[in-house]
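Everything below concerns the one structure shown next.
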Amino acid sequence: MRTSRFLLSTLKETPAEASIASHQLMLRAGLIRQLASGLYIWLPTGQRVLQKVQNIIREEMNKSGALEINMPVVQPSELWQESGRWEHYGPELCRFTDRKDNSFVLGPTHEEVVTWLSRYEIKSYKQLPMNLYQIQTKFRDEVRPRFGVMRGREFVMKDAYSFHMNKESLRKTYEVMYDTYCRIFDRLGLTYRPVEADTGSIGGSHSHEFQVLADAGEDIIAFSTESDYAANIEMAEAVAPKESRKAPAKEMTSISTPDAKTIAEVAEFLNTPETSLCKSLVVHGTNQKTGADELVLLVLRGDHELNEVKAEKISGINKPLTMATDEEIRAAFGAGPGSLGPVGFNGRIIVDRTAAVCSDFYCGANKDGFHLGGVNWDRDVPSYEVQDLRCVVEGDPSPDGKGTLVLKHGIEVGQVFELGTKYSQAMNCTVLNEEGKNIPMEMGCYGIGVTRVIAAAIEQNHDDKGIIWPAPMAPFQIAIIPINYNKSDSVKEAADRLYAELTAKGYEVILDDRGERPGVMFADMKLIGVPHSIILGEKSLAEGLAEYEERTSDSKEKLPLAEIVAKIEKALA
RNA sequence: CGGCGAUUAGCGCAGCCCGGUAGCGCAUCUGGUUUGGGACCAGAGGGUCGCAGGUUCGAACCCUGCAUCGCCGACCA
């Protein structure tokens, strides 16, 4: 490719809307342009990267035995009603009607369509297992699109769906996909970790996420210092403290705490650490026996945070988790949210494992402006349950018993699920087994955020000059930078000859034939992150020399022109 | 969906408080000089100041509404 015939579209200045490195660089390097909130055009440079990532994914998926298909973006609403997700998927699901007033959605994912397909195409257990995948555009009307393609509304995803006779077969394919994902992310040159994950609204039982480690990541991952335990913080178990609760040493007393409402304020007012306080949160629940709505009190140690995913999984707590309003709280407790506590509350109380071993603690008095001190479970609060409610914090013991936990930010680039029969049952997707009996197929699903992978790679690989692509993702492998291309015959001749030679060998070469000043060419090639550059100048050429520069280290080396091709071939081998 | 902010040339911004000829830098085009790390000189093109109302002799500027974009939070296979 010659720059004069290419749409390089680089920007010197950073557009104001971009806040993280990958978004800024994708705009500056001319990979993408924003069309509307969460919608992006992929420019030629970006499209080349996108296709490279897609090809690697496709190769590895094909190697794993999966079969590529292509399903429509537009899907009939009836399928979503069949699966039950018409109700459960919120406004994120973009719904519309056609001219005949038939109802459709823009596919945010394709479980319904692929299940519909398999219902017709898979008739016998002899066809199983089968794994179908596509690389396709999805649309999710995100509440808040941000960070460029990291969280766009329209994005490219590789999604695969596997079908099985039984759980053993599903588990086998799950393992194959897990390994395939490792190979894909290894090949892409990313630093990532597979972590235990929540299954979220897609449903299912067993799941791992593939997280690219980067500070800009929106997820938090807990790792063990000693073992390979790793989990999304949503899932990471906060194990029960080993030490048992101390016997009460103090009498319960009421303390006036005017204007102290938050944990930090109360701790400061009482001149005591946050760990000696317990905080109380009120959520909506359903009474297990009567089925009536009720308010449930959740109690955590003052320095800990509620893990909403864990709370939602407790039966009797409404999903999605909804906090009680100030009015509801006042009606039930006779006090506002800043002064709540378990003492005297006669509804359901769920206490976090760590809070449950606190003794002589402080908590709200259920009276505005007052807290209680010297509070003890059992003695002062006779009836309560103990559950794992909180987010883990750094230093917590690892759930597998080895080492302690550290927390890091991650970008979720892939996820593998065991779905089970959630969709096959709801949509009557069955197969005849060896006994001639109709059974719902076991299903798995496996996604990779293709466009997000690119943003994640840039988050991990850039410097102040621009992108430093992992070799397999680079839009071009080699840049030829001729100084005075338009004026010097020797430079032009050498550049054209090298370009022809390297191109004929099958390399992806970009020749900067714009005749720009050297600084402009260097800056552009570094910005778009071409891994290898050949610099040709008239003076060096007169001595038979060319220069080789490598992007990762920005190191330069002069060597005979005749040896440059061999040098490049070695570097790219 | 709540709170906050922005919207003026392709991009980054000033002008608004205090109403009266729409500006700067970068980019683009022309000519010239330059050519090893985002050059210099001279000239040129490019704007319904987000949209709609209102106040006013007169609105980029003041008022009202709406839209879009962004930030923080809630949300998220």
Side-chain angles (χ1 to χ4, degrees), chain A residues 8-20 23-24 27-28 30 33-39 83 85 88-93 107-112 138-148 150-153 155 157-161 197-204 207 209-210 218-219 232 234 308-309 312 320-323 412-417 419 422-423 444-449 452 464-466 481-488 491 512 514-527 533 535-541 545-547 549 554 556 558:
Chain A
L8 213 46
S9 289
T10 53
L11 303 174
K12 215 188 274 192
E13 287 178 283
T14 303
E17 76 256 20
S19 55
I20 62 169
H23 189 193
Q24 293 174 348
L27 291 164
R28 285 227 292 133
R33 288 291 179 262
Q34 178 167 345
L35 178 64
S37 181
L39 303 177
S83 73
R85 286 206 287 186
H88 291 124
Y89 226 104
E92 199 178 308
L93 180 63
T109 173
H110 280 75
E111 280 82 10
E112 280 79 3
K138 310 284 186 200
F139 185 87
R140 291 180 194 172
D141 198 355
E142 290 281 349
V143 191
R144 181 142 97 88
R146 63 189 134 169
F147 302 146
M150 193 89 88
R151 181 168 296 281
R153 291 195 290 177
F155 56 98
M157 178 165 156
K158 188 286 302 174
D159 48 329
Y161 307 88
D198 180 48
T199 49
S201 75
I202 206 165
S207 177
E209 285 166 353
F210 288 77
E218 297 179 272
D219 290 351
N232 192 304
E234 293 174 342
E308 299 193 7
V309 172
E312 279 178 354
L321 192 75
T322 39
M323 294 289 179
E412 183 198 338
V413 291
Q415 188 162 14
V416 292
F417 288 91
L419 285 176
K422 177 179 160 135
Y423 294 93
C445 85
Y446 320 92
I448 291 179
R452 187 183 277 183
D464 57 340
K465 298 187 188 74
I481 301 174
I483 294 161
N484 262 330
Y485 183 86
N486 290 350
K487 300 274 170 66
S488 163
V491 167
D512 202 337
R514 294 175 294 178
E516 281 285 356
R517 296 174 62 82
V520 174
M521 295 190 285
F522 291 137
D524 272 344
M525 292 304 131
K526 281 205 199 306
L527 178 57
S533 294
I535 302 148
L536 301 171
E538 196 159 33
K539 280 182 206 150
S540 298
L541 279 177
L545 295 175
E547 197 166 359
E549 184 169 2
D554 284 348
K556 285 189 290 191
K558 275 200 176 174

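Every chain is numbered from 1 and lettered A, B, ... according to where its sequence line falls, protein lines coming before strand lines. Since we're looking at a predicted model, the values are computed, not measured.
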Worksheet item: Between A:Ser19 and B:C71, does any side-chain N or O lie under 4.0 Å from OP1 or OP2?
Response: yes
Worksheet item: Would you say the side-chain atoms of A:Arg151 pair up with the backbone N or O of A:Arg144, donor to acceptor, closer than 3.5 Å?
Response: no
Discussion item. Taking any heavy-atom pair under 4.0 Å as a contact, classify A:Arg28: base, sugar-phosphate, or nothing.
Written reply: base
Discussion item. Under 4.0 Å, counting only non-hydrogen atoms across every strand here, what does A:Gln34 touch: a base, just sugar-phosphate, or nothing?
Written reply: sugar-phosphate
Practice prompt. Provide the distance between the two P atoms, one in B:A59 and one in B:U21, to the nearest whole Å.
Written response: 11 Å
Fill in: Who pairs with B:C75 - Watson-Crick or G-U, where each distance is under 3.5 Å
none
Worksheet item: What distance, rounded to whole Å, do you find between the two C1' atoms, one in B:G31 and one in B:G70?
Response: 42 Å
Worksheet item: Is there a donor and acceptor pair closer than 3.5 Å between the side chain of A:Lys556 and the base of B:G37?
Response: yes
Fill in: For B:U33, the Watson-Crick or wobble partner whose two distances fall under 3.5 Å
B:A39
Fill in: C1'-based separation of B:C16 from B:C63 [nearest Å]
14 Å
Worksheet entry | Nucleotide of B:C26, B:G12, B:G36 approaching A:Lys12 most closely (side-chain heavy atoms) | B:C26
Practice prompt. Take atom P in B:G50 and the same atom in B:A60, then report the distance between them in whole Å.
Written response: 10 Å
Worksheet, complete the sentence: To the nearest angstrom, the CD-C1' distance between A:Gln24 and B:C11 comes to 14 Å
Discussion item. Under 4.0 Å, counting only non-hydrogen atoms across every strand here, what does A:Met521 touch: a base, just sugar-phosphate, or nothing?
Written reply: nothing
Worksheet item: Do A:Arg144 and B:C76 have a side chain to base donor-acceptor pair shorter than 3.5 Å?
Response: no
Item to complete: Round to the nearest Å and state the distance from A:Arg517 atom CZ to B:G36 atom P.
Response: 7 Å
Worksheet item: What does A:Asp524 touch in the nucleic acid at a heavy-atom separation under 4.0 angstrom: a base, only the sugar-phosphate, or nothing?
Response: base
Worksheet item: By side-chain hydrogen bond (donor to acceptor under 3.5 Å, both in side chains), which residues pair with A:Glu538, not counting sequence neighbours?
Response: A:Ser488
Item to complete: Nearest whole angstrom, please: distance from the C1' of B:C69 to the CD of A:Glu142.
Response: 17 Å
Item to complete: For A:Glu13, answer base if it contacts any base atom (sugar-phosphate contacts may also be present), sugar-phosphate if it contacts only those atoms, and nothing otherwise; contact means non-hydrogen atoms under 4.0 Å.
Response: base
Worksheet item: Heavy atoms under 4.0 Å, any strand shown: does A:Glu538 hit a base, just sugar-phosphate, or nothing?
Response: nothing
Item to complete: Find which nucleotide of RNA chain B each of A:Asn484 and A:Leu11 is nearest to by heavy atoms, and output the residue with the more 5' nucleotide.
Response: A:Asn484
Discussion item. Under 4.0 Å, counting only non-hydrogen atoms across every strand here, what does A:Ile535 touch: a base, just sugar-phosphate, or nothing?
Written reply: base
Worksheet item: Counting side-chain heavy atoms from CB outward, which of B:G70, B:G36, B:G38 is closest to A:Ser37?
Response: B:G70
Response to the item:
Separation of B:G73 atom P from A:Arg146 atom CZ, nearest Å, is 7 Å
Worksheet item: When the C1' atoms of B:C49 and B:G15 are considered, how many whole Å apart are they?
Response: 11 Å
Discussion item. What's the closest nucleotide to the side chain of A:Val520 if the choices are B:A39, B:G12, B:C75?
Written reply: B:A39
Worksheet item: In whole angstrom, what separates A:Met150's CE from B:C76's C1'?
Response: 15 Å
Discussion item. When the C1' atoms of B:U34 and B:G38 are compared, how many Å lie between them, rounded to an integer?
Written reply: 15 Å
Worksheet item: Where the side chain of A:Pro15 is concerned, which of B:C76, B:A39, B:G12 is the nearest nucleotide?
Response: B:G12
Worksheet item: Where the side chain of A:Lys138 meets the backbone of A:Lys158, is there a donor-acceptor pair that is under 3.5 Å apart?
Response: no
Worksheet item: Looking only at atom types and distance, does a side-chain atom of A:Glu547 sit under 3.5 Å from a main-chain N or O of A:Ser533, one as donor and one as acceptor?
Response: no
Worksheet item: When all nucleic acid strands are considered with a 4.0 Å heavy-atom cut-off, which category describes A:Ser488: base, sugar-phosphate, or nothing?
Response: nothing
Item to complete: Could you tell me whether the side chain of A:Arg153 and the main chain of A:Asp141 form a donor-acceptor pair under 3.5 Å?
Response: no
Worksheet item: Which part of the nucleic acid, if any, lies within contact of A:Lys487, taking any heavy atom under 4.0 Å across all strands shown: a base, the sugar-phosphate backbone alone, or nothing?
Response: base
Fill in: Residue matched to B:A60 through Watson-Crick or wobble contacts both under 3.5 angstrom
none
Fill in: Length of the line joining A:Ile20:CD1 and B:C72:P, which is rounded to integer Å
11 Å
Discussion item. Return the pairing partner of B:U48 with a 3.5 Å limit on both distances, Watson-Crick or G-U wobble; otherwise return none.
Written reply: none
Worksheet item: Contact class for A:Phe155 vs. all strands (heavy atom < 4.0 Å): base, sugar-phosphate, or nothing?
Response: base
Worksheet item: So, does A:Glu312 use its side chain to make a donor-acceptor pair with the main chain of A:Leu321 at under 3.5 Å?
Response: yes
Discussion item. If I pick the C1' atom on B:A6 and the same atom on B:G12, what distance separates them, to the nearest angstrom?
Written reply: 14 Å
Discussion item. Expressed as a whole number of angstroms, how long is the span from A:Arg153:CZ to B:G70:P?
Written reply: 9 Å
Worksheet item: Does A:Lys526 place a side-chain N or O at less than 4.0 Å from the phosphate oxygens OP1/OP2 of B:G37?
Response: no
Worksheet entry | Presence of salt bridge, A:Glu111 and A:Lys422, under 4.0 angstrom | no
Item to complete: Look through every strand shown and name the nucleotide pairing with B:A67 as Watson-Crick or G-U wobble, where both distances are under 3.5 Å.
Response: B:U7
Item to complete: Whole angstrom is fine here: how far is it from CE in A:Met525 over to C1' in B:G38?
Response: 13 Å
Worksheet item: Excluding sequence neighbours, so at least two apart, what forms side-chain contact (heavy atoms from CB on, under 4.5 Å) with A:Gln24?
Response: A:Thr14, A:Ala18
Discussion item. Please name the nucleotide paired to B:C13 by Watson-Crick or G-U wobble geometry with both distances under 3.5 Å, or report none.
Written reply: B:G23
Worksheet item: Expressed as a whole number of Å, how far does the P atom of B:A39 sit from that of B:C51?
Response: 36 Å
